[in-house]
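This report concerns only the one structure given below.
Note that the numbering runs from 1 along the sequence shown for the chain. Keep in mind the model is a prediction, meaning the values are calculated, not measured.
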Amino acid sequence: MGFIKQLQSEVPENYRPYYMGYMQLKEAIHEMAAEADRYRGRTQSLHSNDLMSTGEMSVGNFQDMLQVELTKVNQFACVKHEALFHGLRRLCEDCKTVGNRSGSSAAENTAALDRMSTRIEALSQEICHLDNYVRFNYMGFKKITCKFDRYLGVSGSALFIGGLHCEPFCNVRFDDILILLGLAWTRWRAAFNRSSEQAKDGVWKPPESFIRNTAKYWVKPEKVVLLKTRVLRHLPYLLFGASILEQERLLEPFALLDLDYDGLDAQSQMGAYSGTMEESQLLSSVYFDSPDAVCYGERIHREEGARLVRFRWYGENNLEPDKEVFVERKIHHEGWGSAQSAKERAVLPQRDIFDFMKGRFDIDGCYKRLEAEGAFSAKARKAMKAIAQEVSAMIREKQLQPILRTSYYRCAFQLATSNDVRISLDTQMSLLNEFRGAGHPTEPWCHISSDLLSEDEVNRFPFAILEIKLQNVSETPLWLRQTLADVEAVQVHKFSKFQHGMAFLHPERVSILPHWHQDFLD
């Protein structure tokens with residue numbers, strides 16, 4: 001489908017006047033191209049250095065037109081975001097009393113709840129429209145400037161397109177409005193159920209061991225915001241370390257931040273409280289394998305008891321000595337057995353990671369210190385010590401070393417009081433080659449941000465990865481099945497980030513490729 005037809009079919013009528021004037025810019029290019037042909041016919045030469053230069057014919061006029069459209073798009077995106085932000089704040093306040101007014105009949109309360117859900121749904125759709133607005137306008141500016149280059153025989157579009165990432169419309173914060181949407185639905189559900197489904201002081205903590213059944217899907221990037229809004233209708237965000245009450249404190253105006261807004265204009269107020277909480281968290285994992293990929297072979301053949309080692313951290317990593325790194329061991333069990341696949345882990349400060357992977361770390365001494373400090377429960381210390389010893393033995397016996405890294409942004413949806421159903425969504429996944437010859441002999445233990453990587457050492461995954469994790473739940477909820485259909489999610493049986501990374505970053509080390517590999521070659 002062409003770009004114009006796509007706009008006409010997917011953009012609501014009331015949004016269209018605020019989109020970039022693609023057709024006007026296209027017509028201007030055709031006029032300039034015709035003029036250029038006439039000019040060439042007279043002089044046999046044409047000089048124009050780049051898109052943003054004024055020069056022969058009406059290039060300068062095109063530059064002015066482009067800037068006008070860019071300003072229009074920036075202004076609309078910022079105004080729309082602010083309107084959604086304030087609208088959702090008002091909804092969250094209104095949800096405190098909806099359906100529970102004294103003196104109201106049951107029918108009146110039900111009608112009030114219905115009206116409130118309609119208001120929330122309307123703003124949910126507006127969030128999706130804003131997401132489309134950003135994507136379509138970015139696509140439009142990219143297409144029109146490339147068309148300019150092609151018709152005029154110049155090469156300036158790359159500079160303009162590179163600068164788009166710094167424009168306000170490309171930096172709209174969806175985190176704020178999505179978290180507020182989740183809070184609105186949480187309050188609505190509490191009013192609907194007459195009691196909160198989620199304790200106000202409930203803070204989710206990851207269990208030390210995960211036992212679960214998982215279904216995995218690929219989702220196109222343009223469907224991600226729609227997916228999030230649909231899930232939030234039924235499940236709240238699971239923000240690590242932050243309860244619903246704390247989320248309300250971090251986002252104005254629930255329990256206001258300790259900030260003085262007196263004398264600030266509206267835009268300054270927005271800047272004061274926006275950006276205080278992220279709905280997605282950066283998550284990175286370094287996977288270990290031997291130079292001949294023995295772990296990969298065991299995993300892709302789905303051998304019973306196949307084990308895999310990875311070191312994981314959350315957020316940025318600048319090799320801070322005290323940063324927590326989770327040493328994890330995954331183990332695969334076939335469905336016909338009584339055992340379930342599980343992930344178990346221990347935690348170490350980053351200063352000890354290199355010595356640990358080289359077999360020089362004193363595991364016994366570490367856990368004696370933790371016992372003396374009263375850190376963790378006795379049961380947790382025992383379990384983590386066992387995992388640390390097992391992983392250390394695996395590294396030594398199988399000659400494992402860092403081989404690849406996955407980095408992506410993860411958001412999760414789950415009740416704070418239950419691990420029965422958890423939905424996670426990983427976006428913007430990149431895979432990096434971490435292999436170093438001679439068994440990774442020197443520090444640092446993994447790549448740092450200043451390292452220069454060649455193009456073939458990085459692979460960018462083109463889809464979001466949706467995981468539905470069920471624990472003691474046999475069937476995917478009906479509402480979620482409908483959502484999967486609406487966002488055109490594609491289920492990929494046994495998809496593995498590790499196997500995908502090995503197939504594309506280390507194809508010479510593997511003898512068999514995962515079944516989805518061909519999908520990226522067609």
Side-chain angles (χ1 to χ4, degrees), residues 174-175 178-179 181-182 185-186 198 202-221 223-244 247 277-285 287 308 310 312-315 326 328 330 340-345 405-431 461-473 475-477 479-481 483-484 486-487 489-501:
F174 283 90
D175 296 68
L178 284 169
I179 291 173
L181 178 66
W185 279 123
T186 294
Q198 184 157 328
V203 179
W204 182 83
K205 299 293 183 183
E208 288 142 13
S209 177
F210 295 88
I211 299 177
R212 64 207 179 199
N213 295 316
T214 302
K216 300 182 182 182
Y217 303 81
W218 292 344
V219 179
K220 296 176 182 177
K223 298 290 186 179
V224 164
V225 170
L226 173 61
L227 173 61
K228 290 178 180 180
T229 60
R230 293 291 182 87
V231 173
L232 286 170
R233 174 66 176 83
H234 302 272
L235 288 176
Y237 271 120
L238 171 60
L239 301 183
F240 178 73
S243 66
I244 292 295
Q247 291 176 43
M277 183 175 288
E278 305 288 341
E279 57 96 29
S280 295
Q281 183 180 31
L282 180 62
L283 190 156
S284 302
S285 302
Y287 289 85
L308 183 64
R310 70 184 179 198
R312 169 171 286 187
W313 65 89
Y314 299 89
F326 294 89
E328 300 182 349
K330 298 179 69 176
Q340 292 180 293
S341 298
K343 176 188 77 178
E344 296 175 287
R345 62 187 185 176
R405 180 196 304 192
T406 61
S407 292
Y408 45 85
Y409 287 90
R410 167 169 291 180
C411 64
F413 309 85
Q414 178 183 342
L415 296 177
T417 53
S418 171
N419 287 312
D420 286 351
V421 179
R422 182 187 181 198
I423 298 171
S424 65
L425 184 66
D426 300 336
T427 58
Q428 303 178 53
M429 184 172 76
S430 295
L431 302 105
F461 193 71
F463 302 107
I465 302 165
L466 174 68
E467 295 189 30
I468 301 173
K469 302 172 183 177
L470 305 177
Q471 182 170 293
N472 304 320
V473 175
E475 188 177 18
T476 304
W479 66 265
L480 186 50
R481 295 202 299 271
T483 297
L484 293 173
D486 291 343
V487 301
V490 177
Q491 185 169 8
V492 185
H493 183 65
K494 297 296 182 181
F495 176 74
S496 162
K497 299 181 181 77
F498 168 66
Q499 291 177 20
H500 186 85

Please test F463 against F495 for ring pair (Phe, Tyr, Trp, His ring centres under 6.0 Å), starting from the C-alpha separation and ending with a verdict. CA-CA 12 Å; F463 302 107; F495 176 74; 9.5 Å; no
I'd like to know whether Q281 forms a side chain to side chain donor-acceptor pair (under 3.5 Å) with Y314, so could you lay out the CA-CA distance, the side-chain angles of the two residues, the decisive distance to 0.1 Å, and finally the verdict. CA-CA 7 Å; Q281 183 180 31; Y314 299 89; over 6 Å; no
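- V231 places a side-chain heavy atom less than 4.5 Å from the side chain of W479.
- Note that the CD1 atom of I423 and the NZ atom of K228 stand 13.0 Å from one another [nearest 0.5 Å].
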T406 vs D426, test: side-chain contact (heavy atoms from CB on, under 4.5 Å). Steps then yes/no. CA-CA 11 Å; T406 61; D426 300 336; over 6 Å; no
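- Side-chain contact between Y237 and F413 is present, with at least one heavy-atom pair separated by less than 4.5 Å.
- The distance from atom CG of L425 to atom CD of E279, rounded to the nearest 0.5 Å, is 8.5 Å.
- Separation of atoms CG (L226) and OG1 (T483) is listed at 8.0 Å; rounding is to 0.5 Å.
- Side-chain N or O atoms of R481 include one that pairs as donor or acceptor with a backbone N or O of T476 at under 3.5 Å.
- V224 places none of its side-chain heavy atoms less than 4.5 Å from the side chain of V487.
- Side-chain contact between V421 and L480 is absent, with no heavy atoms from C-beta onward closer than 4.5 Å.
- Figure legend: K497 and Y408 shown as a cation-pi pair, the cationic atom lying under 6.0 angstrom from the six-membered ring centre and within 45 degrees of its axis.
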